[in-house]
Amino acid sequence: MEKLIATAKAMDVIERLKVKHGNLVFEQSSGCCDGTVPICFQSDGHYISSQLVLIGEIAGVPYYIDKQQAEYLKHMQIVVDVMEGRGASFSLESAEGFAFLMKSKVMK
């Protein structure tokens with residue numbers, strides 16, 4: 001079982017964002033204010049905090065998560081999905097009418 005996967009719909013949105021914005025990066029920090037959802041940024045010039053760890057890639061896009069969340073989720077599979085609606089205000093898909101979200105399930 002892979003640690004990090006995405007649904008087909010999420011992959012479609014990611015590919016559209018790559019065409020429109022170029023290189024991307026996902027960041028999932030912890031805390032309030034959208035801190036528990038994946039936020040998609042243009043990677044060029046984006047600073048990655050030392051409190052984040054790389055857990056994998058989705059469609060060639062690096063996915064970083066807060067160290068404490070990574071520890072909490074170490075036995076879980078992370079599934080990135082997308083829904084219609086406004087997401088995190090700083091996340092690129094929000095302007096397209098989508099919102100990324102993270103689901104998890106126990107790895108076997």
Side-chain angles (χ1 to χ4, degrees):
M1 182 179 272
E2 291 181 66
K3 174 69 178 170
L4 177 67
I5 62 171
T7 64
K9 190 172 180 179
M11 293 288 279
D12 179 56
V13 172
I14 292 166
E15 291 300 332
R16 286 194 270 168
L17 292 174
K18 284 166 62 176
V19 168
K20 188 171 184 177
H21 299 284
N23 296 327
L24 305 175
V25 62
F26 278 102
E27 185 176 304
Q28 184 177 326
S29 60
S30 64
C32 70
C33 307
D34 299 324
T36 55
V37 297
I39 299 178
C40 186
F41 298 103
Q42 287 181 302
S43 64
D44 300 338
H46 184 73
Y47 171 77
I48 301 296
S49 166
S50 63
Q51 296 304 305
L52 300 174
V53 293
L54 178 66
I55 60 164
E57 291 186 351
I58 301 171
V61 177
Y63 194 100
Y64 291 87
I65 190 167
D66 178 79
K67 287 179 183 179
Q68 290 179 342
Q69 277 192 345
E71 178 62 23
Y72 178 76
L73 296 169
K74 68 182 174 185
H75 300 296
M76 307 293 279
Q77 181 181 52
I78 295 171
V79 182
V80 176
D81 201 358
V82 69
M83 64 181 195
E84 291 185 24
R86 299 288 287 174
S89 58
F90 297 113
S91 197
L92 293 174
E93 83 285 357
S94 184
E96 306 294 322
F98 293 100
F100 285 116
L101 55 116
M102 187 269 302
K103 301 175 184 178
S104 62
K105 58 184 174 181
V106 176
M107 293 179 67
K108 296 180 183 182

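For the numbers below, each heavy atom of this structure counts, side chains included, while hydrogens, waters and symmetry mates do not.
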> Between atom CD1 of Ile78 and atom CG of Leu4, what is the distance when rounded to the nearest 0.5 Å?
Replying inline: 6.0 Å
> Looking only at atom types and distance, does a side-chain atom of Glu93 sit under 3.5 Å from a main-chain N or O of Phe100, one as donor and one as acceptor?
Replying inline: yes
> When rounded to the nearest 0.5 angstrom, what distance separates CG in Leu92 from CZ in Phe41?
Replying inline: 8.0 Å
>> Holding to salt bridge (Lys or Arg N to Asp or Glu O under 4.0 Å), I want the full list of residues that pass it with Asp81, two or more places apart in sequence or in another chain.
In response: Lys103
> Looking only at heavy atoms, which two atoms of Ser91 and Pro38 are closest? And how far apart?
Replying inline: OG-O, 4.1 Å
> Taking only residues two or more places apart in sequence, or in another chain, which ones meet Lys105 in a salt bridge (Lys or Arg N to Asp or Glu O under 4.0 Å)?
Replying inline: none
> If you link I, L, V, M, F, W and Y whenever their side-chain heavy atoms are under 4.5 Å apart, who else ends up in the same group as Ile5?
Replying inline: Val79
> Can you find a heavy atom in the side chain of Leu73 that is under 4.5 Å from one in the side chain of Met102?
Replying inline: yes
>> Just to verify, what does His21 make a ring pair (Phe, Tyr, Trp, His ring centres under 6.0 Å) with, not counting sequence neighbours?
In response: none
> Any salt bridge (charged side-chain N to carboxylate O under 4.0 Å, His left out) pairs touching residues 58-71, not counting sequence neighbours?
Replying inline: Glu71-Lys74
> side-chain contact (heavy atoms from CB on, under 4.5 Å) with Glu96: which residues, sequence neighbours excluded?
Replying inline: Leu17, Lys20, Phe98
> Met107 versus His75: any side-chain heavy-atom pair under 4.5 Å?
Replying inline: no
> Looking only at heavy atoms, which two atoms of Ser104 and Met76 are closest? And how far apart?
Replying inline: OG-CE, 3.5 Å
Please list, one pair per line, the donor and acceptor atoms closer than 3.5 Å that link side chains of residues 8-15 to other protein atoms, with sequence neighbours excluded.
from	atom 1	to	atom 2	distance (Å)
Asp12	OD2	Arg16	NE	3.4
Asp12	OD2	Arg16	NH2	3.2
Glu15	OE2	Lys18	NZ	3.4

Side-chain atoms of residues 47-65: list all donor-acceptor pairs with protein atoms under 3.5 Å, sequence neighbours left out, distances to 0.1 Å.
from	atom 1	to	atom 2	distance (Å)
Ser49	OG	Gln51	N	3.0
Tyr63	OH	Gln28	OE1	2.4

> Leu101, Phe90: one ILVMFWY side-chain cluster at the under-4.5 Å cut-off?
Replying inline: no
